[in-house]
There are 2 protein chains.
Amino acid sequence: MLTIQQLSQELNLGVDTLRIWERRYGFPKPARDSRGHRRYPLEQVDLLRTVCRLQELGHRPNKIFALSEKERTDILEQAQQITNPELINYEALILNGSVSKIENKLRSYLSVNGLEQLITERILPIIRIMGRHWINGKLSIAREHMISDILGDILKEQLLLPHPQEPDRTIIFLTLCGERHKLGLLMSAALFHLLGINCLLIQEELPLMEVPQLALDTSSDAVALSFSSHYSSRQAKKDLATLRNELDPEIKIIAGGNAIQKPFHLPDVILCSDLGQIPEIYRKFFSGSKSSVKAAAAG
Amino acid sequence: MLTIQQLSQELNLGVDTLRIWERRYGFPKPARDSRGHRRYPLEQVDLLRTVCRLQELGHRPNKIFALSEKERTDILEQAQQITNPELINYEALILNGSVSKIENKLRSYLSVNGLEQLITERILPIIRIMGRHWINGKLSIAREHMISDILGDILKEQLLLPHPQEPDRTIIFLTLCGERHKLGLLMSAALFHLLGINCLLIQEELPLMEVPQLALDTSSDAVALSFSSHYSSRQAKKDLATLRNELDPEIKIIAGGNAIQKPFHLPDVILCSDLGQIPEIYRKFFSGSKSSVKAAAAG
DNA sequence: TTCATATTTTGTCTAGGACAATTTTCATGC
DNA sequence: GCATGAAAATTGTCCTAGACAAAATATGAA
């Protein structure tokens with residue numbers, strides 16, 4: 001029996017959303033305690049989880065709630081396409097295997113094929129596999145986190161490798177409060193590091209208002225933020241607009257993550273909906289020595 | 001100009017709390033947009049920050065709001081006592097110095113004095129110093145996080161060191177959703193590791209309901225949770241009670257962190273209000289081989 | 001003093017209404 | 001057929017104002 005707030009944390013939904021779903025769709029229909037406060041039985045929590053998963057697949061609440069329970073699970077089953085090649089090994093390891101085995105496999109792949117391939121050929125597919133199995137409920141959040149930790153650790157180590165030559169550009173990578181997914185941020189930081197940029201990573205979630213000061217303190221040339229699909233795209237938009245307003249206009253903003261897919265234009269914000277765009281972004285905004293660009297701007 | 005939700009995230013307060021403060025104490029008194037929605041000017045955000053800081057010092061809202069602005073800052077100034085010994089070096093480094101310098105100093109201290117002293121003589125004082133300066137606003141959250149990251153990295157490395165002999169007890173260390181402070185958890189994990197326990201660390205925040213399954217999957221003997229002062233003690237209590245209910249009674253629960261200070265008793269939950277208690281907890285609950293304890297229980 | 005009991009304070013909940021932003025539907029023109 | 005734009009529906013977040021348990025503080029008796 002969970003309170004509305006516990007459930008809200010559990011599902012990453014606002015309490016208002018839970019209440020209005022009950023009002024509009026008649027579900028969830030929690031029991032009430034002596035005070036009349038909602039108490040959600042665990043079975044309803046499970047049902048709600050499938051609702052959230054379907055929503056992440058792009059379905060909208062009115063459709064989802066119109067479906068029967070079976071129809072919902074059918075859609076979820078169907079959503080897991082079969083994977084193609086040798087990644088099937090990983091699939092089994094992700095679901096049941098030892099996490100340290102995954103780590104070893106990844107590390108040896110890294111030392112043979114390098115970081116860029118590790119990201120595109122291994123880490124991204126693994127994230128996709130995890131997402132698929134999280135959606136159909138076969139992968140516990142806990143396991144997902146343990147594996148994500150390993151991926152994160154490997155990427156973080158890459159940021160510590162020395163640069164071939166002293167970088168003259170700095171990008172600071174961070175997430176805002178409420179954004180729990182940091183792998184996308186880490187991957188982009190690792191890729192920018194590879195391109196010779198000095199990448200500062202803030203691992204914890206920052207309040208929006210601290211960001212401008214931090215960018216100044218670190219004399220960063222750009223701030224990179226990641227917004228996963230948990231962060232509503234409207235919220236991301238608001239935050240980016242506020243940040244653009246508060247931040248020194250000299251300092252660029254790079255926004256990435258799944259919440260940034262939409263044709264969603266913001267003035268003076270570099271959008272990065274795909275890690276593949278990073279070399280292009282680098283070329284366009286960060287290549288050439290800093291002083292020469294300044295000279296060009298002045299000339 | 002922030003919306004109520006942005007402010008709520010910024011200050012770690014519920015939106016309901018912000019509204020009821022306005023109703024009861026007449027502050028904050030935000031402007032309203034065309035829809036009548038609250039819009040908080042940045043100056044009010046700063047004032048609210050001092051309110052939150054005072055609250056963290058143990059003052060209660062009705063007293064705080066009765067004070068003038070000057071009285072509040074006076075109390076905050078006064079709250080920063082002078083530090084004693086050689087730690088003053090650290091104080092300067094924390095406020096202005098290079099973070100990598102802090103890292104180097106800590107690492108060399110570690111290699112000379114070992115983990116236990118590092119924690120009690122360096123990490124805990126640093127956390128205290130940071131807390132003090134965060135309270136009076138001289139340390140940005142961003143800087144605090146960068147330094148916390150370093151402390152975290154050092155502690156995490158300790159968990160990777162091999163044990164002198166194969167451990168037969170496993171404790172899984174985790175935080176629940178909404179708990180952003182992980183250093184306390186890390187320190188306790190490092191100390192238990194030192195005592196010969198196999199410590200599994202989940203770095204990301206978990207939904208409460210995933211914990212029982214995870215404890216089973218990892219065949220842990222205990223689950224250790226940390227609740228910082230941001231987590232209201234009432235919430236911590238609720239969560240621990242729920243968890244105790246859902247979890248296999250064989251598996252112990254260890255609860256620590258600042259929210260666990262109060263004379264706050266829960267049946268079958270081991271409370272750890274202080275890292276110094278860890279050896280005692282170890283002796284009481286985890287020493288002796290597992291099989292012998294089981295035999296004793298059976299006999 | 002120390003305890004037990006009353007009072008105040010505090011945060012979280014309740015209900016039901018409103019509305020901007022987004023998405024979908026539908027009609028129109030090419 | 002496809003694009004385009006207006007109209008309708010959907011959705012999440014905000015609003016007000018009232019209620020109450022848990023925690024903190026004050027009060028009084030032993």
Side-chain angles (χ1 to χ4, degrees), chain A residues 1-9 11-25 27 30-40 51-52 54-56 58-66 178 229-239 241 259 261-265, chain B residues 1-9 11-25 27 30-40 51-52 54-66 178 229-239 241 259 261-266:
Chain A
M1 284 297 216
L2 301 183
T3 67
I4 194 168
Q5 196 155 80
Q6 289 176 315
L7 182 61
S8 153
Q9 281 205 324
L11 299 174
N12 255 310
L13 289 174
V15 288
D16 276 320
T17 306
L18 287 167
R19 279 196 280 256
I20 210 137
W21 281 3
E22 183 181 344
R23 211 198 295 174
R24 290 201 179 129
Y25 314 112
F27 190 85
R32 301 296 178 123
D33 66 11
S34 54
R35 287 173 267 173
H37 288 193
R38 292 170 175 80
R39 290 312 212 83
Y40 295 84
V51 172
C52 292
L54 283 170
Q55 209 183 9
E56 301 223 343
H59 300 269
R60 302 188 70 193
N62 69 338
K63 307 286 176 189
I64 300 173
F65 284 109
S229 49
H230 282 154
Y231 221 85
S232 82
S233 112
R234 95 177 58 167
Q235 188 68 44
K237 208 170 179 176
K238 262 192 212 167
D239 288 343
Q261 297 295 355
K262 317 296 170 64
F264 151 147
H265 183 67
Chain B
M1 284 295 216
L2 300 184
T3 67
I4 196 169
Q5 195 155 77
Q6 288 175 318
L7 182 62
S8 154
Q9 281 205 324
L11 299 173
N12 255 311
L13 290 174
V15 288
D16 278 319
T17 306
L18 287 167
R19 280 197 279 253
I20 209 138
W21 280 3
E22 183 182 343
R23 212 198 294 177
R24 289 198 180 132
Y25 313 113
F27 191 86
R32 300 297 179 120
D33 66 11
S34 54
R35 287 173 267 174
H37 288 192
R38 292 170 175 81
R39 290 312 214 79
Y40 295 85
V51 172
C52 292
L54 283 170
Q55 207 183 11
E56 301 224 343
L57 283 176
H59 300 270
R60 302 188 70 193
N62 69 337
K63 307 285 176 190
I64 300 173
F65 284 109
S229 49
H230 281 154
Y231 220 84
S232 82
S233 109
R234 95 179 57 168
Q235 187 68 46
K237 207 171 180 175
K238 261 192 214 168
D239 288 342
Q261 297 294 354
K262 317 297 169 61
F264 150 149
H265 183 68
L266 276 163

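As the structure is a computational prediction, the values presented were derived from the model and not from experiment. For the numbers below, each heavy atom of this structure counts, side chains included, while hydrogens, waters and symmetry mates do not. Just so it is clear: chains get the letters A, B, ... in the order the sequence lines come, proteins before strands, and each one is counted from 1.
- Rounded to whole Å, the distance from NE2 on B/H59 to P on D/dA24 is 15 Å.
- Taking only side-chain atoms of A/D16, from C-beta outward, the nucleotide of C/dT9, C/dC13, D/dT13 with the closest atom is D/dT13.
- Nearest heavy-atom pair across B/I4 and B/R19 is CD1-CG, 3.6 Å.
- Residue A/I20 places its side chain closer to D/dT13 than to any other of C/dT12, D/dA21, D/dT13.
- Once rounded to the nearest 0.5 Å, the distance linking CD of B/Q55 with CZ of B/R60 reads 9.5 Å.
- Each of A/T3 and A/G58 was matched to the nucleotide of DNA chain C holding its nearest heavy atom; the match closer to the 5' end belongs to A/T3.
- Looking at the side chain of B/R38, the nearest of the listed nucleotides C/dG11, C/dC13, D/dT16 is D/dT16.
- Between A/R60 and A/R32, the residue anchored closer to the 5' end of DNA chain C is A/R32, taking for each the nucleotide with the nearest heavy atom.
- Distances shorter than 4.0 Å separate none of the side-chain N or O atoms of B/R35 from OP1 or OP2 on C/dA18.
- In this structure, B/T17 does not reach the C/dT10 phosphate: none of its side-chain N or O atoms is under 4.0 Å from OP1 or OP2.
- Among C/dT10, D/dC15, C/dT12, the nucleotide with an atom closest to any side-chain atom of B/I4 is D/dC15.
- Note that CD1 of A/I20 and CG of A/L13 are 13.0 Å apart. Values are rounded to the nearest 0.5 Å.
- For C/dG11, one of the phosphate oxygens OP1 or OP2 lies less than 4.0 angstrom from a side-chain nitrogen or oxygen of B/W21.
- Of the candidate nucleotides D/dG12, D/dA19, C/dT9, C/dT9 has the atom nearest to the side chain of B/N62.
- For the pair B/L18 CG and C/dT10 P, the interatomic distance rounds to 15 Å; values are reported in whole Å.
- Rounded to whole Å, atom C1' of C/dT12 lies 14 Å from atom CG of B/D239.
- At a cut-off of 3.5 angstrom, counting only N and O atoms as typed in the model, there is a donor on one side and an acceptor on the other between the side-chain of A/R23 and the base of C/dG17.
- When the P atom of C/dT12 is taken as reference, atom CD of A/Q6 falls 13 Å away, rounded to whole Å.
- One interatomic measurement links the two molecules: CG of B/L57 to P of D/dA24, which rounds to 16 Å at whole-angstrom precision.
- In this entry the distance linking CZ of A/R39 with C1' of C/dT14 reads 15 Å, nearest Å.
- In this structure, the side chains of A/L11 and A/L7 come closer than 4.5 Å at one or more pairs of heavy atoms.
- Here CZ of B/F27 is found 10.0 Å from CD of B/E22. Values are rounded to the nearest 0.5 Å.
- Regarding contacts with the backbone of C/dT10, a side-chain N or O of B/Y25 is found under 4.0 angstrom from either OP1 or OP2.
- Here the NE2 atom belonging to A/H37 is positioned 10.0 Å from the OG1 atom belonging to A/T3, to the nearest 0.5 angstrom.
- Within the 4.0 Å cut-off from OP1 or OP2 of C/dT10, not a single side-chain nitrogen or oxygen of B/R24 is found.
- Taking every side-chain heavy atom of A/K63 into account, C/dT25 is the closest of C/dT10, C/dT25, D/dG12.
- Considering only side-chain N and O atoms, A/Q55 lies nowhere under 4.0 angstrom from the phosphate OP1 or OP2 of D/dT10.
- Atom pair A/E22:CD and C/dT14:C1' shows a separation of 11 Å (rounding to whole Å applied).
- Residue B/Q235 has no polar side-chain atom (N or O) positioned under 4.0 Å from OP1 or OP2 of C/dC13.
- Going from atom NZ of A/K238 over to atom P of D/dT13 covers 9 Å, rounded to whole Å.
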